[in-house]
Each structure stands twice: as structure tokens, then as C-alpha cells.
Amino acid sequence: MDKSEIIERLEAIAVLLELQGENPFKIRAYAQGARALEALEIPLDVLIAEDRLATVRGIGSALADKITALHESGELPLFDQLKAKVAPGLLEMLEIPGLGAKKVRILNKDLGIDSIAALQSAAESGSISNLKGFGVKSEAKILQGIRNREAYSARHLRWNVIPVVENILSGLRSLEAVQQAEAAGSFRRGLETVGDLDFIVASKDPEVVMDWFVKQSHVSEITARGQTKSSVRLEDGLQADLRVVPASQYAFALHHFTGSKEHNVALRKRALQRGLSLSEWGFDVRGGNSQPLPSNIDNESALFDALGLANIPPELREGYDELKLAEAGSLPKLIKCSDIKGAFHNHTNASDGHENLEDMAEGAAARGWEYIGIADHSKSSRQANGLNEERLLRQVDAIAAYNQRDDACCHIFSGCECDILPDGSLDLADSTLEKLDYVIIAVHSAFTQPREQMTRRILRAMEHPFVTMLAHPTGRLLLKREPYEVDMEAIIEKALAKNIAIEINANPKRLDMDWRWWLKAAKRGLKTSINPDAHRVEQLGYIAAGVLTARKGGLTANSVLNTQSLTEIISWLEQRES
DNA sequence: GCCGTTTTCGGCCCGACTGTTTTCAGTCG
Ligand SMILES: Nc1nc2c(ncn2[C@H]2C[C@H](O)[C@@H](COP(=O)(O)OP(=O)(O)OP(=O)(O)O)O2)c(=O)[nH]1
Ligand SMILES: [Mg+2]
Ligand SMILES: [Mg+2]
Ligand SMILES: [Zn+2]
């Protein structure tokens, strides 16, 4: 098995153990082990070959043995035994809000329920409400959960919820009772998809704020309403949580509600090691320690400082190695939107874009950019009206002519998004590619090739001397199409060796290469280009989504080609040619 | 199952909300 399959296996084991009523800390050990694998910076094969797996934090000798077994044979008796004992339907039942492992176990043991269908008929017949721990309300909630299972469990593209967030946020901020308000959670961390919306407010009058929140017109249901916290379901099934705290505790609450969970747990553990208990309400002494509590914590930076850490930007709070970096003072200085000076991967109506060269150039200039690269599709992408050699050379001439014009508002670079054919050769002749300022290569066909073949194919294409950057290296469409199978570690190696950039495709549905890979690749010096892949002028705005992904990946402006000025880009491109 | 300026057992983040609880367990964030 490869690493990602082993990670899935360990996560599955954690859930299965939970359904067996196992020790929660053992369950967490499996989940932590999966995360530790995810964060590995040394290839798994190497660690196994050198017998160093158990030296990884979060992986002990027991997990090391199991991971090794999975890696070598894919077989693990523990998993097979668990699979045999736990009905697959129980996993689906966990998706129903209000049903956790304990309740699912009771339903299974006492009523023999082992599927959503059985759960539904039991609830409809009223037999669940007689069980201990259940009642009429929980029975009704189960039925509602089944009816809306898809809507309730769906994640949403961050980009699509921005208007909803801004709307709620401005509503909150317009209330007199609200002193401060922020969108927190995965949204604030810039995650590509969000499971819900999380809002945090500082106020002296929580009642007023929560009243407003739960009475918004697009609220379909109030799922919780307490002293400091409310949850609602919005019309499309998206959940929104609100937490209201006094201004004096806002920094703690904002940090808590921003997460991630794993980051919070790590930070709280660090506090404990220093004799402090940390919660969303503040610090408390732990055990017999009687040192004075840190005071005047009125922003997140002060909170981190009290724990001996540099201020960690929300995008980096995913519970990987950000605490270590913050302690050492070696957090990266993350790229900002204002660092962007242009963009390379954009289309015109020559292929499947909707606007012409001049429009795109004007759009770039309107953003204050110095240049724009046009990279239309190549001929084998027929569905996208890809350009053959002749049409592309005409575009090269048109761009040259545009750049000569006195009224040119922005420099245009001639490029193309050249298909990587199924055998790894490029779609356009060298004699044509040679005439371009730069060449982007991308897979647009034969997505289902086996991993080895896909990897060989892309590596072969990257050997081509004219290649400047690799576009959307996994082809994923968030929430829609899985990434195709490819060995990203090998691709990253090759890109480093050949001085090829890997793009961050900034289309909010792609955000590919993923920030999780960038966390590792950034440290190794791999360059990126944040590419809007705009098919119309308006979509140049996707750049913001790409910058967020770059920030999550720990990238500085230096690692991003399109933070360079026009003159720097020109000399860099010339240099590459020689 | 992992881990150790409390080193090989006894901890493991901490709190809000709900429902059915008669004093708190389970779920969720
Ligand atoms: N300390 C602590 N904080 C938690 C825990 N679970 C959630 N939080 C905090 C951190 C989360 O970012 C924040 C909001 O919770 P969510 O469940 O909405 O998670 P988040 O927004 O990170 O991801 P999401 O996209 O909603 O799935 O609450 C937990 O178990 N412990
Ligand atoms: Mg959330
Ligand atoms: Mg939430
Ligand atoms: Zn296109």
C-alpha cells in the first residue's frame, strides 16, 4: 500500500475501534498516527527501510509494525477482525447529527439496527424512543437527519460561501451590541472547503446578538441556543455557529474558535507543560502551581507570546509543525495579495475563454498588474477549441503587436497550456513552443491511467527543455472529482531538478497543487506561480483564492514567480533559455 | 497506543448544549 492508502486504513481503524467501544485514547493514537504519516517529510519507504518509523512523533512500536505490514502486504489482521465485527451501515449512521459511537452501539446492540434503512423504520415505528438515553425528540431528530443526510453532511467550497459570510458579518457588525465580530473556523484559516460557518462576537449583551443571529431570514432551523452559543441551519443545509463572549475574553475565544482542533489541542498541551490550563475563556492555573497568570491578553499575538511563541497566522494553524516554527522564530513570512504583480495562466476566446487579448490585458491593468500571460489550450483539447501551431503562431504575432502599441496598458507574455499527451509527449511542435515566452504543460486527457503510467507520463513531459511550469498537477475538482493517481513526491523531485515551477491553480474548485504538498515543497525551495486560469476577466479575481492556498502552504513572496516585476520576469525567462 | 525537565506508569484539551438525567452522559465544537 502507498502512504495515502495506509492513512485511510488507520483512520478507518480509529472509527471501527470507536464503534467497538475502545479506549478513546487508543482511538486517538490511531488518528494521530494517520496525521503523523500525512506530515512526514521523509518518504515512507526510506523510514521503513532504515527502521526509523517509530522515531516519528505519534508513531510508536505498535503502530510502526502495523504501518510496515500495511506497506509491505496491505494485510492487517486487526483491520480484518474489526471489519468482520462491525456492520458497514454503522459507519453511515455516524453521519446523522446527534448520533455518535455510543448511541450507534446501543441501537445496534439493543435493536439490531445495522443500516440507515433499518434505523429509519425503527424510528418510524417509535421503538427508538423507548431505549435508555433516547426519547421522542432524539427519535424525531434521527428521522430529520436521515431525510437531510446529504445536505447536512456536505462540505462547501470556501469561495462560494464568501458572500454568505460577508452578509452575516456585516449584519453582526451593524448591531449596536456588537463590539467586535469575526468569521472564525476553517473559513478564517483559508481552508479550501468549509463544513460550517463559525462566528465569534465580543458583546456585553449576548441575548440581543444571538436573537438577531437566529432570526435571520435565511435561517431554516435553530439547532442550539444557549447562554453563549447558538447554532442555526441555513436554507441550503449549511450550519452556522455563533459564540458570544465579553470583550475581555475575545482574544481567547477568537483563537479557540479559529482552530484548528488539532492546533488547539497542541497549544493547550503546551500551556499545560507550563503549568497553565488554556480554554476559550482564558488561562487558569493547573495543579499546585501558583505563578501569576499572564495578563493583558487582548489579541492573539499576546496569547501566543504568553506561551513563548511568535504570532501564528490563521492559515498555518492546522496542527502540523507551526508551534515548533513559532517557538524557533522561524515562521515563514507569508505572501500577501498585494505582492502579486501579474499572472501567467489565462485563456482568451481563441480557445475556451470568453474575452479577447485586449480585454484580458485591461483586466490585469485594472488590478494594478504589470503583465499578464496568455496560455490558451493546445490542439488536442478539441473540446476547448485548442490552438494548433498555426493559430498559436498567429496569436504570438498579435501579442507582439499589442506590446508595441502606445496604448498597451499591460505587457502580455505569449504562452500556452500545452497538453501532455497520454504517452508523455507534448501536443505542439518544438518549433512552435520555441517561439513562446513560456510553456505551461498539463494533463487534460486519459485521467484514469494507472499511477505508474501517469507518473511516467508527466515526468517525461517535464524532461522537455522548453517547459516553464506544470499546471494543476492532480487534476482534482474539489467536492467533485478526485485527484488522478500520481506520485507527487516524484513530480516535486523532478520539478526541483529541472527548475520547473508547479502552479497553484487558483480556480476555487481546483487549488491544485494542494497546500499540504506545499508545506513540504516550500521548505525545499520549489517555486510556484499562482495562476488564476481565468476564462474571463472577472476570473482574474481567483488570484485571491490562490494566494490563500499559498499562505496555507507556507509560501513566501520569494517562492512565487508572479510576485516579480515585469523586468525581473523578462530577465528570468531569458536566463532560462540559455 | 503514545509518551517522558513528573522518565516506563498514569496521564492524554477543555467546555457548551441537549435531553432525559434525578445528577449527567453523549455529542459536538
Ligand atoms: N479545543 C478544542 N477546540 C475545538 C474542538 N473542536 C472544534 N474546536 C474549535 C476549533 C475549530 O476550528 C472551531 C470550529 O469547529 P468546527 O467543527 O466548525 O471546525 P472547523 O471550522 O475547523 O472545520 P469545518 O470546516 O467546520 O469542518 O472550534 C475540540 O475538540 N477541542
Ligand atoms: Mg467550522
Ligand atoms: Mg462549527
Ligand atoms: Zn481552459
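As a basis for the values below, the full set of heavy atoms in this structure was taken, side chains included, without hydrogen atoms, waters or symmetry mates. Quick note on labels: first sequence line is chain A, next is B, and so on, each numbered from 1.
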- prompt: Looking at dC17(B), dG1(B), dG15(B), which one has an atom nearest to any side-chain atom of Trp281(A)?
  reply: dG15(B)

message: For the P atoms, the ones on dG10(B) and on dA16(B), what distance do you get once it is rounded to whole angstrom?
response: 30 Å

task: Nearest whole angstrom, please: distance from the C1' of dC28(B) to the CG of Asp241(A).
output: 9 Å

field: Interatomic distance, Phe199(A) CZ vs dG29(B) C1' [rounded to whole Å]
entry: 15 Å

- request: Look at Glu192(A) together with Arg516(A) and state whether they make a salt bridge at an N to O cut-off of under 4.0 Å.
  value: yes

Arg225(A)/Asp211(A) ion pair, N-O < 4.0 Å: yes

message: I need the CD-P distance between Glu95(A) and dC28(B), as an integer number of Å.
response: 12 Å

- request: Show your working on salt bridge (Lys or Arg N to Asp or Glu O under 4.0 Å) between Glu493(A) and Arg524(A) and close with a plain yes or no.
  value: CA-CA 10 Å; Glu493(A) 285 303 326; Arg524(A) 307 193 50 200; 2.6 Å; yes

task: Considering only atom P, compute the distance from dG1(B) to dT6(B) and round it to an integer number of Å.
output: 27 Å

Base of dG29(B) paired with side chain of Asp196(A) (donor-acceptor, under 3.5 Å): no

message: Could you tell me how far apart Phe134(A) (CZ) and dT21(B) (P) are, to the nearest whole angstrom?
response: 12 Å

query: Taking 4.0 angstrom as the limit, do Glu280(A) and Lys229(A) come out as a salt bridge?
result: no

field: Lys137(A), nearest nucleotide to its side chain (from dG19(B), dG1(B), dC14(B))
entry: dG19(B)

- request: Could you tell me the separation between the NZ atom of Lys102(A) and the C1' atom of dT21(B), rounded to a whole number of Å?
  value: 16 Å

task: Please state the P separation for the pair dC17(B) and dC12(B) - nearest whole angstrom.
output: 24 Å

query: Roughly how far apart, to the nearest Å, are dC14(B) and dT8(B) at atom C1'?
result: 27 Å

task: Could you say whether Arg268(A) or Gly226(A) is positioned toward the 5' end of DNA chain B, judged by the nucleotide with the nearest heavy atom to each?
output: Arg268(A)

- line: For dT8(B), the nucleotide meeting Watson-Crick or G-U wobble distances (both under 3.5 Å) is none

query: Below 4.5 Å, heavy atoms only, C-beta onward: do Thr258(A) and Glu300(A) meet side chain to side chain?
result: yes

Phe257(A) CZ - dA16(B) P separation (whole Å): 12 Å

task: Would you mind reading off the distance between Lys26(A) atom NZ and dG1(B) atom P, rounded to a whole angstrom?
output: 4 Å

message: Return whichever of Gly133(A) or Ala29(A) has its heavy-atom-nearest nucleotide of DNA chain B closer to the 5' end.
response: Ala29(A)

message: Can you identify which nucleotide, out of dC13(B), dG1(B), dA16(B), has its nearest atom closest to the Tyr30(A) side chain?
response: dG1(B)

Selected nucleotide, minimal atom distance to Asn23(A) side chain, candidates dC14(B), dG1(B), dG4(B): dG1(B)

query: Quick one: His256(A) NE2 to dG29(B) C1', roughly how many Å, whole number?
result: 6 Å

- prompt: Is there a donor-acceptor contact under 3.5 Å linking the side chains of Glu182(A) and Tyr250(A)?
  reply: no

message: Can you check the distance between dT20(B) and dC13(B), where both ends of the measurement are the P atom (answer in whole Å)?
response: 30 Å

